[in-house]
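The next block holds one structure in the form of structure tokens; read it before the comments.
For ligands, and for the atoms within them, numbers begin at 1 and follow the listed sequence. Residues: numbered from 1 along the sequence shown.
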Amino acid sequence: MALVVQKFGGSSVADPDRIKRVARRVVDTKEQGNQVVVIVSAMGDTTDDLISLARQITTKPKSREMDMLLATGEQISIALLAMAIDELGHPVVSLTGPQVGIVTEPVHGKAKILAISPERLRQELNGGNIIIVAGFQGATNTGEITTLGRGGSDTTAVGVAACLHADVCEIFTDVDGVYTADPRVVPQARKLEAVTYDEMLELASLGAQVLHPRAVELGKEYQIPIRVRSSFNYHAGTLVQEGSSSMEKEIMVSGVAYDVNVAKIALFDVPDQPGIAYRLFKALADERVNVDMIIQSAKRNHTNDISFTVVQDDLGTAVKVVERIKAEIGAGDFIFDDGVAKVSIVGAGMITRPGVAAMMFEALADAGINIEMISTSEVKVSCVVKGDQIKQAVQVVHAKFDLAAD
Ligand code: ASP
Ligand code: MG
């Protein structure tokens with residue numbers, strides 16, 4: 001008997017028919033002789049709808065109340081899915097994050113999971129129940145409701161799988177697995193049979209929408225095999241696990257990722273002195289702003305220009321911090337732009353092959369796409385481009401590296 005954790009995203013439970021279909025699938029897994037724990041997201045666009053409701057009340061909702069509001073989305077889907085499974089005649093119980101004992105840091109909006117207690121889950125499984133757990137939520141150890149950040153249900157799923165030493169964590173989504181590029185942007189993209197946690201981490205954090213990066217990190221840490229598969233068919237999907245994805249070894253670039261949730265800030269005429277970058281980025285870190293690319297230009301007249309990218313949701317906070325720090329460090333003006341996006345090539349074999357970055361730049365140049373920022377690492381090359389050119393950028397880069405299915 002295996003212990004299977006399954007996670008269904010918002011699109012898989014978007015309406016009553018889909019919820020019934022998910023129920024059938026969960027019951028099939030149970031009837032094959034497995035113990036099953038299911039994590040669900042809020043139905044369809046519920047989370048977005050709740051956010052827009054709040055915005056109609058206030059432009060500055062308290063983050064505590066935001067979590068109180070957003071956590072209700074998942075509570076709807078666990079109850080409905082449990083009802084659907086009950087209809088199929090199987091013992092089932094729905095549990096909120098706090099009921100499971102998912103303890104998070106005392107941070108609202110993007111809390112990290114500190115611990116999950118296995119007791120309640122074990123007790124329900126031993127009682128023969130299928131368990132339906134609300135994704136994306138937990139509580140602090142003083143009982144305040146928190147959420148894990150957008151897309152956080154994946155993290156709940158892998159966290160629960162780790163806590164129970166599950167045999168596999170299946171992430172059901174609206175695509176067949178992990179592709180060489182988003183198939184909605186590049187229809188010829190090829191599905192990957194297997195990827196390593198590290199490859200997936202790059203693809204996920206670069207905006208391949210299929211898996212939340214924190215979930216991949218957690219999977220790697222606890223060595224939980226994660227299978228990404230479609231909730232609309234029975235294809236095997238893509239297995240994310242340790243070790244080499246041998247099929248991909250000879251290929252220098254395994255995928256093209258993109259991220260539109262990017263904003264750029266450029267601060268000009270920053271004094272060229274020790275401690276300046278520290279003060280700026282420490283202040284941003286203190287406000288929990290996620291900074292991604294950082295570029296400091298060559299100095300001229302004893303000053304530097306520093307530009308960096310943040311996730312779009314953090315732009316407001318980042319602008320406030322820069323506004324304050326700019327005066328403290330005696331920097332000049334700054335600009336920001338949320339109309340940008342990032343395209344990246346990912347591949348473990350890249351570092352040993354000269355000219356890979358140039359090939360990417362050539363593809364963009366041939367398409368007349370201007371590159372605003374570039375960053376490279378051992379496993380990726382990323383370019384920031386205008387947001388309205390991002391789809392074309394992904395397509396031309398994907399074609400350049402010949403990643404399409406035969
Ligand atoms: N419902 C949350 C969101 O839309 C969490 C999730 O779906 O993973 O971000
Ligand atoms: Mg999601």
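Using a 4.0 Å heavy-atom cutoff, E74 is listed among the residues neighbouring ligand 1. Heavy-atom distances between G152 and ligand 1 reach below 4.0 Å in at least one pair. Residue contacts with ligand 1 include G151, since one or more of its heavy atoms lies under 4.0 Å from the ligand.
Across A134, A215, S153, heavy-atom proximity to atom 8 (O) of ligand 1 is greatest for S153. Which of H212, R150, M43 comes nearest to atom 4 (O) of ligand 1 through a heavy atom is settled by distance: it is R150. Among S77, A71, A42, S41, the residue whose heavy atom sits closest to atom 7 (O) of ligand 1 is S41.
Side-chain atoms of H90 and E31 include a donor-acceptor pair closer than 3.5 Å. A side-chain N or O of H398 and one of T180 form a donor-acceptor pair less than 3.5 Å apart. For the residue pair Q6 and T29, a side-chain donor N or O sits within less than 3.5 Å of a side-chain acceptor on the partner.
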Q. Does the side-chain contact (heavy atoms from CB on, under 4.5 Å) test come out yes or no for V37 and I39, once each step is laid out?
A. CA-CA 7 Å; V37 181; I39 284 75; 4.1 Å; yes
Q. After noting the C-alpha distance and the side-chain angles of F232 and F172, does the key distance pass the ring-ring contact (aromatic ring centres under 6.0 Å, His included) rule?
A. CA-CA 9 Å; F232 303 113; F172 289 88; over 10 Å; no
